[in-house]
Amino acid sequence: MLAEIAGLSDEVWNEAGGLTVGQFRAQMLDKYPAMRDKKFKIAVNQKISDDFVLIETPAEIALLPPFAGG
Amino acid sequence: MLAEIAGLSDEVWNEAGGLTVGQFRAQMLDKYPAMRDKKFKIAVNQKISDDFVLIETPAEIALLPPFAGG
Amino acid sequence: MEKAHKPKKVFVQGPISPDFVAKSIASHQSKTGIGAHAIFLGQIRADQKEGGAVTGIDYTAYEEMAEQAFHDIREAAFTKFELTCMHIYHSLGLVPTGEISLFVFVSSPHRRAAFEASEYIVEEIKANVPIFGKEMVGEAGQHVWKENT
Amino acid sequence: MEKAHKPKKVFVQGPISPDFVAKSIASHQSKTGIGAHAIFLGQIRADQKEGGAVTGIDYTAYEEMAEQAFHDIREAAFTKFELTCMHIYHSLGLVPTGEISLFVFVSSPHRRAAFEASEYIVEEIKANVPIFGKEMVGEAGQHVWKENT
């Protein structure tokens with residue numbers, strides 16, 4: 001559902017380094033304002049991460065919509 | 001297992017009336033002393049009954065060993 | 001009281017087969033309000049006793065009282081929990097080690113009711129239904145009476 | 001860590017059949033230390049949405065992370081509860097209404113551990129595994145994203 005907004009499901013985010021999860025979130029919401037209405041969590045290298053966590057590069061970052069297993 | 005002690009599984013107990021469950025239990029343990037070592041509950045007309053309950057006649061009295069369903 | 005709650009046959013002769021469980025599940029696929037099934041299966045353990053391992057349990061019941069007790073448990077569970085369906089099956093006669101003697105199957109729109117009802121029903125059966133079990137031990141035909149804890 | 005706890009395949013394509021459940025049960029009859037099986041099945045409900053009834057859920061997952069999450073849940077459950085066996089299966093792709101998308105199967109010597117583990121595992125899956133579900137609604141191919149509560 002987030003991919004529907006961005007119009008793509010994978011994207012490379014170039015950043016010199018020193019970006020936290022919270023800063024990444026802010027940049028992404030600037031680029032895709034429609035995502036502000038959506039609930040999602042951010043996983044860095046397949047771990048759900050808090051906003052204060054510094055993203056080591058390279059990293060696999062995933063935006064995870066609400067879970068619906070079961 | 002109680003039938004193994006009494007040597008039979010059905011028995012008619014004649015009583016003029018006015019017997020409580022507790023009195024019945026005492027008479028039965030007199031007749032079959034080996035049952036003193038066994039755990040059992042008494043059901044009168046298919047309801048587990050306390051010792052103070054008066055047995056209406058005729059009644060179906062059952063000695064129930066510990067339950068083992070499941 | 002709804003029509004669906006009428007007394008049902010609980011006792012089956014001998015073990016309950018996995019195939020019977022599958023058929024029960026399949027028969028609920030047309031009930032599209034169901035979101036959660038909770039199933040409990042009691043299986044006979046090869047417990048070690050004096051004289052050897054348990055090879056099976058021979059079940060008997062004070063049947064008429066037991067059927068009434070099952071009926072009461074059903075009614076209470078339907079009152080306590082939001083259930084779409086409930087089925088209880090218990091073996092009579094010999095059930096060999098490794099086979100199934102109790103099958104409790106509850107279905108609900110949501111998982112919470114299914115979990116809670118499943119536990120409730122199993123605990124009630126163990127405590128309040130006059131079913132007796134002779135554990136067959138070793139080769140020599142010895143037996144020990146089982147007692148629920 | 002025991003050999004039995006190695007990562008297992010959880011995801012299956014499409015619905016989980018009652019027959020698959022039966023085969024899983026049957027394969028545990030040789031484990032004669034087991035006294036209790038608790039099974040949870042998640043079934044797709046025909047919930048009413050704007051646009052019509054749900055006809056099925058199309059499941060996707062962030063698969064690598066999901067497999068790791070399932071593995072962590074398995075390890076935690078084996079640590080917390082006295083379990084003999086544990087199996088978890090979840091569908092990917094389309095599962096029509098009335099069919100089964102989740103199968104959690106735990107086995108233990110005694111019922112208490114089986115009940116508790118079953119609930120624990122289902123709640124953990126719902127909360128912590130990155131699986132996404134598109135509820136297909138009505139005839140026109142509309143969809144609504146599902147969200148666990």
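A donor and an acceptor atom, one from each side chain of D/Gln43 and C/His28, are nowhere located under 3.5 Å apart.
For the atom pair CZ of C/Arg112 and CD of D/Glu119, the computed distance is 4.5 Å after rounding to the nearest 0.5 Å. C/Gln29 contributes atom CD, which lies 5.0 Å from atom CD1 of D/Ile100 (distance to the nearest 0.5 angstrom). Here D/Phe115 contributes atom CZ and C/Glu123 contributes atom CD; the two are 6.0 Å apart, rounded to the nearest 0.5 Å. Annotation: the span from D/Thr32 atom OG1 to C/Glu99 atom CD amounts to 12.0 Å, rounded to 0.5 Å. Note that CG of D/Leu41 is 7.0 Å distant from CZ of C/Phe105, once rounded to the nearest 0.5 Å. Atoms OG1 and CD1, on C/Thr97 and D/Ile34 in that order, are 12.5 Å from each other to the nearest 0.5 Å.
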*Test log, rule side chain to side chain contact (heavy atoms under 4.5 Å, CB included), inputs C/Arg111 and D/Phe40*: CA-CA 9 Å; C/Arg111 64 189 183 279; D/Phe40 179 86; 3.6 Å; yes
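Within a 6.0 Å sphere centred on CD of C/Glu64, other residues, nucleotides and ligands contribute 12 heavy atoms or fewer.
Both the backbone and the side chain of C/Ser118 come within less than 4.5 Å of a heavy atom in chain D. Of the atoms belonging to C/Lys31, it is backbone heavy atoms, and not side-chain ones, that fall under 4.5 Å from chain D. With a 4.5 angstrom heavy-atom cutoff, C/Val122 touches chain D only via side-chain atoms.
Between C/Ala22 and D/Ala22, the closest heavy-atom pair is CB-CB, 3.5 Å.
When the candidates D/Ala114, D/Gly42, D/Pro109 are compared by the number of heavy-atom contacts under 4.5 Å with chain C, D/Pro109 comes out ahead.
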